[in-house]
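The block underneath contains the structure these notes are about, expressed in structure tokens.
By convention in this document, chain letters (A, B, ...) are assigned in the order of the sequence lines, proteins followed by strands, and residues within each chain are numbered from 1. The figures that follow rest on heavy atoms only: side chains count, while hydrogens, waters and symmetry mates do not.
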2 protein chains.
Amino acid sequence: LEKYDMFTNIDESPIYPILNPRSIATWGASNNLASMGTSQLLSIKALGFEGKIYPVHPKEDQVQGFKAYRSVFDLPEVPDMALLVLPTKIVPQILEECGQKGINSVIVVSGGFKEVRGDGIDLEKSLVETAEKYGIRFLGPNCIGVINTHHNLNTTFLPYKSTAGFIGMASQSGSFITQMSDYLSNFGLGFSVGISVGNEASIDIVDCLQYMAACPHTKVIALYIEAIRRGKEFIETARAVAPEKPIVAYYVGGSEAGGRAGFSHTGALAGPDRLYDGIFRQSGVIRAESIEEMFDFCWALGGTYNPAGNRIIVQTHSGGPGAVAADASSRAGLELPKLSAETCERLRPMIPHTGSIDNPIDLTFSRNQQDYMLGIPQVLMEEKDSDGLLVYFLIPTERVAATLIQMGIPEDKVEKEVVGVIRELAKIVGQLVEKHKKPLVGYTFRPRRDLFIRLLQENGVVVLPSATRAARAMGALVKYVKYRNRLTGVDQKG
Amino acid sequence: LEKYDMFTNIDESPIYPILNPRSIATWGASNNLASMGTSQLLSIKALGFEGKIYPVHPKEDQVQGFKAYRSVFDLPEVPDMALLVLPTKIVPQILEECGQKGINSVIVVSGGFKEVRGDGIDLEKSLVETAEKYGIRFLGPNCIGVINTHHNLNTTFLPYKSTAGFIGMASQSGSFITQMSDYLSNFGLGFSVGISVGNEASIDIVDCLQYMAACPHTKVIALYIEAIRRGKEFIETARAVAPEKPIVAYYVGGSEAGGRAGFSHTGALAGPDRLYDGIFRQSGVIRAESIEEMFDFCWALGGTYNPAGNRIIVQTHSGGPGAVAADASSRAGLELPKLSAETCERLRPMIPHTGSIDNPIDLTFSRNQQDYMLGIPQVLMEEKDSDGLLVYFLIPTERVAATLIQMGIPEDKVEKEVVGVIRELAKIVGQLVEKHKKPLVGYTFRPRRDLFIRLLQENGVVVLPSATRAARAMGALVKYVKYRNRLTGVDQKG
């Protein structure tokens, strides 16, 4: 696909200068802390952006500690990018001036364009005309800007609070770029890049897809979609990208009420749900049914290995959580194979008579944590008739502590010992996945602050916050491999 | 329904003495901290149980600080309840001795009965025969015990870490009784009673349903079900209970793999999914699709008001979260009505031109928090053409702080001021719901530790952790009212 191949040189992407500027001119920032433009300037500063920042302000000499300029024509250089946070009516004129100055890349944060209909439609057209006249590509209008954690860049009006991660996201809602960093941080996740596309008058979600395909920091691509504007290009691009990088989309707008919201929000008409379902399937894009599921899928796709097939073993020490995972797996299109005779033989000494070596493998609580985290998953990873593991994670620290006291550890040393045990077990699980290169998706109902869960995350283990979510994420892995095989012709269906 | 009416006197329930004992004899507790029976004894102690505790132990004089007795016959009184945490083979004999002593109520924690099939089936039969001989009713075998937060009773082997709440739960998995208290605590929720029913050889889920129907602390009933043993009685009881108290069930086992897990776990054969779907609908039981959804529904049903119909307004200051709520509402069977002319008139001064007074009502971020939390929801609550509100909750504290600094608040006082503002807004939202007695279900993607979210919870506001979950919970409220009207003949369909 010619168009996609262009972007093996990522800097040819129209959004490259917006995500990787060496210098930024800002409009709308002032010494009023309550203004949106000021917040956005301060966000850029806060994430440690290392390039030049030029606030343009009609009256001030200094804005938030930066030398300010009266107009774009006073700037000492042509900045790589302009950020416009201005009242709607002034935007066309400032864009015109940016063009005259020779600025090629702009983010138009301001709203009041196509999304409000009426006059807004004409106003947006005038932006596009100006942009075309000067060869400008712009993001928005009605967007929140971009985050590029690997370039210390955050142009949104809220601080970015998570790590530089592997999820590249393009979103038709700015909220899901700027309001999710604490959510992602809870799971040890973060954006590589986050792009709020707004009304997509110039740069659209297809452009973003191409950029993220080429972005070396992006392992998996997330899309929040209310309407696809360039359908054919979307499908072609996604089909070219998906075999290399998984794409997960959450689509809103197919339901009647959702469609109305989709319309008013970014000014595009949403299509029927089943149409989008077909587009995604054809494109090899994995569809998520909620925002949280989209990130769950991204985590699994970027954080563990791909399964060779859909045969999954569930490991648990608690009957209910095992049964739920089994039920949810089945509903997610996974199979729970019976274990081979050889595996049963190897497991038997480790499973008590009240437990089960049927699948789910239920150890009950009577076995030690070492068997649970090392011996048993090791055997299960080596099972030839299985393609992946779902493992229930819960260490009842009170019981581990009681056991250590019983073993003679002095009470004042027990807490430290428990932490040591947990640290070791989390490491073991992480190493196990790396060794066998089969997918392991963990699940728990523990709060994210739980030490074991945090340490599992730090050791690169995917641990979702419920059995159902874990099973569905494993289902997404299986679906991805199926899509990839279809797109690359591996399964002969082309 | 005669059987149900019996339990207006709650103390006639066979599980009453198990949940409300004045004295407990325990088997299996020792001075070995690592043993399960010891953990269970210590749990009883930890929650501050105020009655007598009699450990029975063949050798020890003292067990965990309590005077121990060599056999049941040495006990100074007939205890209200016996807790058996013993190797499988000893259980029949001890149950026999309990009967001889005159104990009527027993929890059999031990596993190795019907759930392991083979000999276990006969062993379980012998328990039932002994119980019938002496008039004993027992919980289990293969269960984890009970929690009655309003009686300071926790017989499970893990500590109970949440408040005395309004959710009564009976579960065919002990894990969901004993492993969920941190999860519930995160949402400010707790059990009134939690009952692990195990193999249900004597007391079953129908008995529990009857108890919880009469329990004054239980506002809503949660059931985790792998198989219903007394189908007819379940339906009759649920139909009698549901109009008074909502019942939410999460059923596992309808899928092929889930069915296998359901079998091995408590020894009952699960039925096809659509059969259970019919049973629940007929019984007026709201079906949840995951554990977390079960608790979401319980929270909404016990924590806010019932809607008169299915017309819902979505309020947001962020386009995407509004669109997601609208889409999910539509999929959950809710309608998003257009607002009346009068309401639009009242809202207009509070909504900026970039916002929307279509439904969802989108204020965008440019309005102040006071309007968002007070003025606008007040108007929306008074809308005649709406039955409830879904509200997106996010206070961007950084922006509130910036605004306060701009207003002249000294920087060192700002944090305290922000906390004050948030505290006040959370209170206002809580009062609003109480005043209008319409359902309000909030949603957020913020972590539960977020101050505003915690304070909303403390003010009695239901705030679910995603738009999709909130919409589905609102859908459950609508469904409950529909079921209740059908069961009580309000809608003439009987």
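When heavy atoms are compared at a cutoff of 4.5 Å, B/Arg449 approaches chain A solely by way of its side chain, counted from C-beta outward. Only the side chain of A/Arg446 comes within contact range of chain B, judged by heavy atoms closer than 4.5 Å. Both the backbone and the side chain of A/Phe445 come within less than 4.5 Å of a heavy atom of chain B. Neither the backbone nor the side chain of A/Phe113 comes within less than 4.5 Å of any heavy atom in chain B. Contacts of A/Thr88 with chain B are made by side-chain atoms alone, with heavy-atom separations under 4.5 Å and no backbone atom involved. Heavy atoms closer than 4.5 Å to chain A are found nowhere in B/Pro465, neither backbone nor side chain. Using a 4.5 Å cut-off between heavy atoms, A/Tyr392 touches chain B through its side chain atoms alone. The part of B/Ser39 that comes within reach of chain A is its side chain, from C-beta onward, which places non-hydrogen atoms under 4.5 angstrom from that chain. For B/Asn32, the parts sitting under 4.5 Å from any heavy atom of chain A are the backbone and the side chain alike. Heavy atoms of B/Asp450 lying under 4.5 Å from chain A are absent altogether.
In this structure, A/Arg399 and B/Met36 approach most closely via the heavy-atom pair NH2-N, 3.4 Å. The heavy-atom pair separating B/Ala323 from A/Val252 by the smallest distance is O-CG1, 3.5 Å. Across all their heavy atoms, B/Ser318 and A/Gln179 have their closest contact at OG-NE2, 2.8 Å. Closest approach of A/Pro321 and B/Ser173 over heavy atoms only: CD-OG, 4.0 Å. Scanning both residues, A/Asp327 and B/Tyr251, for their nearest heavy atoms gives OD2-O, 4.5 Å. Looking at every heavy atom in both residues, A/Gln406 comes nearest to B/Asn31 through OE1-O, 3.5 Å.
Shown here is A/Lys161, whose NZ atom has more than 12 heavy atoms of other residues, nucleotides or ligands within 6.0 Å.
Atom CD of B/Glu289 sits about 9.0 Å away from atom OG1 of A/Thr468, to the nearest 0.5 Å. Separating the CD atom in A/Glu292 from the CD atom in B/Glu292 is a distance of 9.5 Å, to the nearest 0.5 Å. Note that CG of B/Leu158 and CG of A/Leu394 are 7.0 Å apart. Values are rounded to the nearest 0.5 Å. Separating the CD atom in B/Glu115 from the CG atom in A/Asp362 is a distance of 10.0 Å, to the nearest 0.5 Å.
Each of B/Asp182, B/Leu404, B/Thr403 has some count of heavy-atom pairs under 4.5 Å with chain A, and the biggest count is that of B/Asp182. Ranked by heavy-atom pairs under 4.5 Å with chain A, the list B/Ile291, B/Val314, B/Thr38, B/Val400 is led by B/Ile291. Among A/Asn186, A/Leu42, A/Ile405, the residue making the largest number of heavy-atom pairs under 4.5 Å with chain B is A/Asn186. Ranked by non-hydrogen atom pairs under 4.5 Å with chain A, the options B/Ser35, B/Gly112, B/Pro159 are led by B/Pro159.
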